[in-house]
Amino acid sequence: MKKLTIFGLILISTAFLPVQNSHAQDYNRWSLPEGAVMRLGKGVVRDVAWSPDGTRLAVGTSPGIWLYDADTGAEVSLLTGHTRRLNSMVFSPDGTTLASAGLDGTLRLWDVATGTEKNSIRAHPHSVRSVAFSPDGTTLASGSYDDRVRVWDVVTGQEKSSLGGHTRTVNSVAFSPDGQTLASAGYDGTARLWVVATGQEKLILTGHNGQVYSVAFSPDGLTLATASQDSTARLWVVATGQEKHVLTGHNGWVHSVAFSPDGMTLASGGGGDDTVRLWDVATGREKSILEGHTSSVLSVAFSPDGMALATGSFDSTVRVWDVAIGQEKSKFTGYMSLVHSLAFSPDGLTLASGISRGVRLWNVATGQEKSTLSGHKYSVRSVAFSTDGQSLASSSDDPPVRLWDVATGREKGILEGHTGGVRSVAFSTDGTTLASGSWDNTVRLWNVDTWQEKYTLTGHGSEVLSVAISPDGTSLASGSWDGTILMWDAATGRQIDVVTGHTRPVWSLTFTLDGTTLASASSDRTVRVWDVATRQEKSSLKGHKLFVRSAAFSPDGTTLASGSDDGTVRVWGVAAGEEIAVLTGHTDIVYSVAFSPDGTTLASGSRDGTILMWDVSSYVASQPLAADFDGDGNVGLPDFLQFAAQVGLSQGDAEFDTRFDLDGDGTVGFSDFVIFARGFGKRK
């Protein structure tokens, strides 16, 4: 390999300096949990609402509520506090307060002007699905997984009444305009009307053939709208409970309904056809179809003047429509669906995340999205960079594995052969081989240059969830739904051994850079550390309360990180096998964790639709001290000169010195320089 000049390295070092972007640096650092330095992505969109005066648009996401200036679209604030996913939110009638409901069983009240939490009510023993203000703003209603509707005093936070009748989860609640009646909708396929003053049930509305997801009163209080799993929205006479109209047209679940302020139009959001439909309330006829979303529309809300409609979708966008002409006016982006997988590029400058139907590439320094790689039909379960950082592999619930050119974002090739979704991919260190593990119970090895299959490895009796190739390229490990880990000879495809110990599915496998140790993460709530040579268990790391989905070693192998269904990231000391830290901040399952090449940053991706970047420098052995080549206790110019002389050398070269191979990949290159540059000027 040709060596770089010192001048070339200096040029690279200037290019490495992060580009400042005040807008990006702003909102992706708001309301961060302790230990986190940045948030990528704004979360999964759950709800949308206009402030009563129309100046603010609120977007409820899994991690919190984003407030926007409705005119400019600028982010105003982020309200966070729920420890689990946010499900629903609503403005008070005077617009000064926001109420939110979450999977953590709480109702939270927020001061809109300051963004601070005013009160928290432990409302239900289970997830709260919906919250609504009474017209006078003094009362809150909530619906929950505990099958009950509860009514609360806003000032004191005390429960006023508990309404029992639904036989399954209550999905939605709404007050009538006069505040005397409360409507609720449930998994049991019914909508119910209640007398607020007494808590007595007035009417049960039956007719839907599936769960009822949403209820809304017309402005005059005479009509109730419901949205259901049965692909219909329905209009009912509130006084009698009689059905007025069945609104058919959606091809799939109807998630949400909302009346226009004049009561003449009903909007409905669809889950199967990804459309928003506008209906004439008087006749029940369809007026128009708003098309543009590419996934389920979860929430719809009219602006106070009725001129605009906001819609929130699982496609990671919020769109605002001109109701009169049925055209999209604006779009709010930055949201994400589930984050299933993460991988840092070898130089540490780019982070890849596997999301719904694609891969997003992020600038690690600025937190801005660089590009989106689209082509997969379903959620991307795994991503992996080649050692030179030029190629990216991705796999999804659709069988083909895709190879991408990182620089251009273009698809380079498709690897076809698996007959089921591919859960995991991994490159060999030399970049010539890719391993893939699939629901079809096989592991396949591919020649990356020719895109041809080299071997099909059969031996697992159940789905293959994880694969990892040892750094020297000689061994392959694969983990299965049946809880076993199989070890293979990567050169011949021959099975070497069966590693047992886990009692449930093995979701993740990772080798240390020296190849001596393997870690596995499992649904049995443990991370296990194995001696590769003997295949014996070295330690079992226990602490997670639910499934462990991912594990990753720090570059120096001294530290291990794990992500779990319990929403936490845990950091472990490998030598002692003990927990060092618990990182909390995600509000849903943590599917993936990945260390930066210099070991100072840990990225975690979650079902809440965000990636959190954590400063873990205090938990990881100091990489910069390893760059003190002259031993004077300072990483300075003499060290730089020694390093520059080694750039371009690889294992096997006569002059190669392993001290300068800071990332342990067998070559002294740019990724090593990134590690060195971050430690430059540091002292013992």
Side-chain angles (χ1 to χ4, degrees), residues 40-46 59 61-62 251-253 255 269-276 291-299 311-319 328 331-343 350-362 368-385 391-406 408-416 418-425 434 436-439 465 549-550 588-592 594 603 605-611:
L40 308 181
K42 297 180 180 179
V44 179
V45 177
R46 298 288 175 184
V59 179
T61 67
S62 295
N251 180 25
W253 301 358
H255 284 289
D273 54 16
D274 309 335
T275 66
V276 179
E291 296 180 295
H293 284 296
T294 58
S295 191
S296 300
V297 180
L298 304 177
S299 182
T311 58
S313 169
F314 201 67
D315 68 5
S316 305
T317 67
V318 172
R319 299 171 192 245
E328 183 182 309
K331 182 165 64 176
F332 296 78
T333 59
Y335 308 100
M336 278 202 294
S337 56
L338 328 181
V339 181
H340 277 291
S341 51
L342 295 172
T350 302
L351 182 72
S353 60
I355 58 173
S356 177
R357 303 182 189 180
V359 178
R360 283 191 183 177
L361 299 180
W362 303 87
Q368 289 189 303
E369 183 183 334
K370 298 171 67 174
S371 59
T372 299
L373 314 180
S374 301
H376 287 288
K377 297 178 182 178
Y378 304 106
S379 294
V380 174
R381 301 288 183 172
S382 182
V383 289
F385 279 97
S391 298
L392 181 81
S394 60
S395 66
S396 167
D397 288 341
D398 54 79
V401 176
R402 296 175 188 267
L403 295 176
W404 309 87
D405 184 296
V406 174
T408 65
R410 294 176 182 169
E411 189 174 271
K412 296 171 64 175
I414 299 177
L415 310 182
E416 296 183 290
H418 283 295
T419 57
V422 180
R423 298 293 305 215
S424 182
V425 289
L434 184 78
S436 57
S438 169
W439 284 98
L465 304 177
R549 297 283 184 167
S550 180
D588 215 321
I589 294 171
V590 179
Y591 280 123
S592 184
S606 170
R607 193 167 74 170
D608 66 15
T610 68
I611 300 163

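Note that the structure is predicted; figures quoted are calculated from it, not measured.
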So, taking the atom named [atom1] in [X] and the one named [atom2] in [Y], what distance separates them when rounded to the nearest 0.5 Å?
X	Y	atom1	atom2	value
Leu351	Phe385	CG	CZ	7.5 Å
Asp588	Thr610	CG	OG1	9.5 Å
Ser379	Ile355	OG	CD1	9.0 Å
His293	Lys331	NE2	NZ	9.0 Å
Arg402	Ser374	CZ	OG	10.0 Å
Met336	Arg607	CE	CZ	15.0 Å

Of the non-hydrogen atoms in [X] and [Y], which two are nearest, and what is the gap between them?
X	Y	result
Ser296	Gly271	OG-O, 2.8 Å
Arg46	Ser299	O-CB, 4.1 Å
Val297	Asp274	CG2-O, 3.8 Å
Ser353	Leu342	CB-CD2, 3.7 Å
Ser436	Val422	CB-CG1, 3.8 Å
Ser313	Ser295	OG-O, 3.1 Å

Short side-chain to backbone donor-acceptor contact, [X] and [Y], under 3.5 Å:
X	Y	result
Thr61	Gly43	no
Ser438	His418	no
Ser395	Val401	no
Ser382	Ser424	no
Ser316	Ser337	yes

>> Any donor-acceptor pair under 3.5 Å linking the side-chain atoms of Trp404 with those of Ser394?
In response: yes
> So which of Arg357, Arg381, His340, His376 actually passes side chain to side chain donor-acceptor pair (under 3.5 Å) with Asp397?
Replying inline: Arg381
>> Determine whether Val59 and Tyr335 satisfy the following criterion, side chain to side chain contact (heavy atoms under 4.5 Å, CB included), listing intermediate values before the conclusion.
In response: CA-CA 10 Å; Val59 179; Tyr335 308 100; 3.6 Å; yes
Any side-chain heavy atom of [X] sitting closer than 4.5 Å to one from [Y]?
X	Y	result
Leu403	Leu434	yes
Ser396	Lys377	no
Val318	Val45	yes

> Step by step, would you call Ser606 with Val339 a side chain to side chain contact (heavy atoms under 4.5 Å, CB included)?
Replying inline: CA-CA 5 Å; Ser606 170; Val339 181; 5.8 Å; no
> Under the side chain to side chain contact (heavy atoms under 4.5 Å, CB included) criterion, do Leu392 and Leu361 qualify, and how do the steps go?
Replying inline: CA-CA 10 Å; Leu392 181 81; Leu361 299 180; 4.3 Å; yes
